Amino acid sequence: MANLKDIKRRIRSVRGTQQITRAMKLVAAAKLRRNQDRLVLLRPFSDGIATLLARFLPQAVGDEHPLLMPREQVAKKLMVVITGDKGLCGAFNQNILRHAERLCSASTDCPVEVVTVGRTGHRYLSRRDVTVREHWEDIYERLSFLTARNISKVLEEPFLKGEVDEVMVVYSHFVSPIEQRVSSYTLLPLELENIRKSAALGARAARDIDIPAADQRDVYLFEPDVVSLCNDLLSRYLAGELYRTILENVASEFGARMTAMDAATENADDLIGRLTLEYNRARQAAITTEILEVATGAEAMKKGA
Amino acid sequence: MHIKAITPTRLAVDLECRLAVLPTDEGEVGIEEDHAHMMVTLVPGQMRIYEGGQPHIYAVSGGVADIHPRKLLVLADAVEAASEIDLERARRAKERAENRLEQRSEGMDVDRAQAALSRAINRIRIATGRQEK
């Protein structure tokens, strides 16, 4: 039977860990809420951009803009893998990375280069048989739209130069705080259909954001000109998509961390229960032994007397 | 005329105004009511909105403006009122960008550093009311 003091020490240490896991769960929950607010606040902006694009793109370039045109031959792909910076969130990062690796090995006919966002992804993939082209970490604490713009510029450039023919994104989609789904989609070329959809959603929500409706007959002035305006809008739209994806992934990560820390807190409860039982047993055994010793002693003295 | 400025993080401006002055590539553009339909690209700079006498002053990083006779919609990466700017942070950002431009390490993105520098300078100028050059 284990030593009483040892058990007591173990209980104390498990309780300490439990306090930490409980705190981490609460922190994750609070951050998740803040993150959700950001997703909501992004909507008017991205719908606004999409509305303007849907209005001017057809007249400016039709659907022939380089960012919108699917390549006839895809010779090289770029894959953006978005993970968290930190662990302690269950299998969250591993799930994303496993999916990314599967996609890489499935693409046998064309090489894939990787851009990682998040430390865990970089740490894992840089040791694997993949080319990591760019790498971003420590961006989540002060994540802003400008960060997303910087990343999206790095993606847009090789695509426009023809170095890569497709850009895909792998991330974890936020379904609910307890459900995350690893997903992937094609970021580039952009699809006009998606832009239109986003614009239609924006039109429905127009009462909140109030993007002025355009009359087809309205004559517009452009400065500098309609094509460069559309380029500008498209690259902002792209950044917006990426920003939303990163926010989704961050939300998923907090959700996963909440679940993981909740489970850890519960496990700690179980462990404390078992240890307490063991402690009480050991204490009872010690008392019984002591009584037995006293009784035997008394008995022996009586006999001796 | 009603002006709205929307950024990816918030609705930054939502008010009635008499005149709005926007920073564009060609210099400042003043917009009053009954302006023709127009779309402009905004560059990092100062946006001034006049309700009455004194203008509200904002730092704007790049964006676009959609101009209608009675409405003005600004979609910008960031819009900050002069009083909201964290001067300390802007100064640090300026220093960082300057250092990076000075050292010019291998493979660095000069455009990005330059953009960061002009954003920082713009914010400092607006926060201090143009005293600091």
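Predicted model, so just to flag it, every value in this text is computed and none were measured. Just so we're on the same page: letters track the sequence lines, and every chain starts at 1.
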Quiz prompt | Heavy-atom pair with the smallest gap, counting every atom of A:Gly48 and B:Leu75 | solution = C-CD1, 3.6 Å

Exercise. Answer with side chain, backbone, both or neither: which region of A:Leu233 has an atom nearer than 4.5 Å to a non-hydrogen atom of chain B?
Key: side chain

Self-check item: Toward chain A, the part of B:Arg70 with a non-hydrogen atom under 4.5 Å
Solution: neither

Quiz item: With chain A, which of B:Asp25, B:Thr24, B:Ile67, B:Thr7 has the greatest number of heavy-atom pairs at distances under 4.5 Å?
Solution: B:Thr7

Quiz item: Which bit of B:Thr41 is near chain A, if near means a heavy-atom gap under 4.5 Å: side chain, backbone, both or neither?
Solution: both

Exercise. Sort by residue number and list every member of residues 136-153 of chain A having a non-hydrogen atom under 4.5 Å from chain B.
Key: A:Trp136, A:Arg142, A:Phe145, A:Leu146, A:Arg149, A:Asn150

Quiz prompt | Closest approach of B:Ala76 to A:Phe45 (non-hydrogen atoms, all atoms of both residues) | solution = O-CE1, 3.4 Å

Quiz item: Is B:Arg18 atom CZ crowded by more than 12 heavy atoms from other residues, nucleotides or ligands, each under 6.0 Å away?
Solution: yes

Practice problem: Would you check if A:Leu41 and B:Thr9 make a side-chain contact, meaning some heavy-atom pair closer than 4.5 Å? | Solution: no

Quiz prompt | CD on A:Glu223 to CG on B:Leu22, rounded to 0.5 Å | solution = 10.0 Å

Quiz item: Would a 4.5 Å heavy-atom cut-off, applied to side chains only, mark B:Met39 and A:Leu52 as touching?
Solution: yes

Self-check item: Residue, of B:Ala36, B:Ala65, B:Gly62, that accumulates the most heavy atom pairs under 4.5 Å with chain A
Solution: B:Gly62

Exercise. Heavy atoms only: give me the nearest B:Gly63-A:Asp232 pair and the separation to one decimal.
Key: O-OD2, 4.1 Å

Quiz item: Do other residues, nucleotides or ligands put more than 12 heavy atoms under 6.0 Å from B:Asn99 CG?
Solution: yes

Self-check item: Toward chain A, the part of B:Ala116 with a non-hydrogen atom under 4.5 Å
Solution: neither

Quiz item: For B:Glu16, does the CD atom have more than 12 heavy-atom neighbours from other residues, nucleotides or ligands under 6.0 Å away?
Solution: yes

Quiz item: Can B:Asp66 and A:Arg55 be said to form a side chain to side chain contact (heavy atoms under 4.5 Å, CB included), step by step?
Solution: CA-CA 11 Å; B:Asp66 184 24; A:Arg55 192 186 302 161; 3.3 Å; yes

Quiz item: For A:Glu163, does the CD atom have more than 12 heavy-atom neighbours from other residues, nucleotides or ligands under 6.0 Å away?
Solution: yes

Practice problem: Name the region of A:Val154, side chain, backbone, both or neither, that has any atom closer than 4.5 Å to a heavy atom of chain B. | Solution: side chain

